[in-house]
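Residue indices begin at 1 and follow the sequence shown. Only this structure's heavy atoms are used, side chains among them; waters, hydrogens and symmetry mates stay out.
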Amino acid sequence: MQEIDFSEIEDIQTGHAHNLDAGTGCTVLISEKGVTAGIDVRGGAPATRESDLLHPVNLVEKVHAILLTGGSAFGLDAASGVMQYLEERDIGFDVQVTRVPIVCGAALFDLAVGDHRVRPDREMGYQACRNAADRTCANGSIGAGTGATVGKILGMKRAMKSGLGCYAMQVDTLKIGALVAVNCLGDVIDPETGERLAGLLNEDLNGPADTETVMIRSYASKRDLFAGNTTIGVVVTNAVLTKSQATKLASMSHDGYARTMRPAHSMFDGDTVFTMATGQVDADLSTLGLLAARVVEKAIVSAVKNAAPLFGLKCWANFENRGTTTK
């Protein structure tokens with residue numbers, strides 16, 4: 001088993017576009033040939049597009065792109081630009097008069113940073129496609145992770161900057177990777193070391209606090225935590241999968257969320273995982289599931305460690321003492 005770059009998984013191209021001043025952006029994963037895909041939504045506040053067609057009983061067998069975007073539900077407009085880009089290249093489901101690109105998507109809430117009036121739109125989605133290429137996958141404050149933040153239980157003043165991360169590995173001919181925009185309500189933990197990487201800051205803003213402790217102490221408070229959550233990601237593999245298996249793989253991938261984000265899947269998060277299978281290598285689904293959870297973990301850690309301190313928010317790199325662990 002060896003680490004590889006996310007871009008080494010064949011037949012998938014990844015592109016980003018963002019507006020640093022506004023604090024938002026989008027990321028698109030394109031498969032011109034089409035791939036088998038699945039989805040599992042665990043959070044209580046999702047913003048998704050074309051998710052129903054991924055249900056195993058429905059007609060469409062292949063998707064051509066998956067969009068991860070900021071801007072909350074407004075940002076799903078960027079999918080129109082992705083569809084335009086693919087239709088211009090005759091990519092999509094053949095309906096005789098044209099081809100309809102199958103573009104699924106999910107959005108995270110980043111309106112609380114930068115300029116909330118600027119959201120990913122048709123133009124930004126199109127630009128992300130134009131930027132897509134077989135090249136090293138970027139990490140940090142880029143694409144859908146541009147405005148991502150974590151640790152928002154007590155408001156943005158005590159939150160930290162997060163971003164987008166990717167990680168991939170190879171076992172013989174099998175390849176699997178994850179790309180995740182980390183924007184959770186809670187804290188991010190490195191499951192290998194127990195280190196609290198990012199999340200809620202203490203009152204002095206010089207170290208970590210504990211989101212779960214705050215939530216437990218105020219269990220009777222029904223607060224409105226709309227101001228900025230949801231982690232969205234894609235697991236990509238070159239394995240051969242049916243739609244049912246792709247759906248199950250998305251479900252198993254959520255273990256990576258649960259191991260790194262505390263809490264994960266809250267009612268204020270729209271935590272979502274897509275899967276894309278390019279269909280080249282036979283593999284056991286249970287083994288794929290455990291590998292998927294691992295690459296999701298690594299991608300989330302990478303997103304936090306590569307984030308830049310934007311919009312007045314501190315990030316992992318701002319703290320010299322990074323040895324704080326959790327029990």
Legend entry - Leu174, Asn238, Thr237, Ile9 screened by side-chain contact (heavy atoms from CB on, under 4.5 Å) with Gln280, the one that passes: Asn238
Can you confirm whether [X] sits close enough to [Y] that some side-chain heavy atom of one is under 4.5 Å from a side-chain heavy atom of the other?
| X | Y | answer |
| --- | --- | --- |
| Leu241 | Leu249 | yes |
| Phe274 | Leu179 | no |
| Thr247 | Ser244 | no |
| Tyr167 | Val301 | no |
| Val234 | Thr275 | no |
| Met83 | Val100 | yes |
| Thr272 | Asp40 | no |

Inset, instruction - For Thr211 and Gly186, indicate whether the former's side chain and the latter's backbone hold a donor-acceptor pair under 3.5 Å. - result: no
Inset, instruction - Just jot down the side chain to side chain contact (heavy atoms under 4.5 Å, CB included) partners of Ala37, sequence neighbours excluded, or say none. - result: Leu54, Val63
Legend entry - With sequence neighbours excluded, residues passing side chain to side chain contact (heavy atoms under 4.5 Å, CB included) with Asn19: Asp21, Ala22, Val118, Met124
[Y] and [X] side chains, donor-acceptor separation under 3.5 Å:
| X | Y | value |
| --- | --- | --- |
| Thr98 | Glu87 | yes |
| Asn183 | Thr231 | no |
| Arg119 | Thr69 | no |
| His64 | Ser31 | no |
| Asn139 | Ser302 | yes |
| Glu88 | Gln84 | yes |

Legend entry - Glu32 atom CD, over 12 foreign heavy atoms within 6.0 Å: no
Inset, instruction - Would you indicate whether Asn58, at its atom CG, is surrounded by more than 12 heavy atoms from other residues, nucleotides or ligands within a distance under 6.0 Å? - result: yes
Legend entry - Intermediate values then yes/no, side-chain contact (heavy atoms from CB on, under 4.5 Å), Cys26 and His18: CA-CA 6 Å; Cys26 63; His18 52 262; over 6 Å; no
Legend entry - ring-ring contact (aromatic ring centres under 6.0 Å, His included) against Tyr126, all qualifying residues, sequence neighbours excluded: Tyr85
Legend entry - Worked check of side-chain contact (heavy atoms from CB on, under 4.5 Å) between Trp316 and Leu197: CA-CA 6 Å; Trp316 177 83; Leu197 301 175; 3.5 Å; yes
Restricting to non-hydrogen atoms, name the atom on [X] and the atom on [Y] that form the minimum distance, rounded to 0.1 Å.
| X | Y | result |
| --- | --- | --- |
| Arg122 | Ser80 | NH1-CB, 3.5 Å |
| Leu67 | Ala79 | CD2-N, 3.5 Å |
| Ser72 | Phe109 | OG-CD1, 3.8 Å |
| Ala239 | Leu288 | CB-CD1, 3.6 Å |

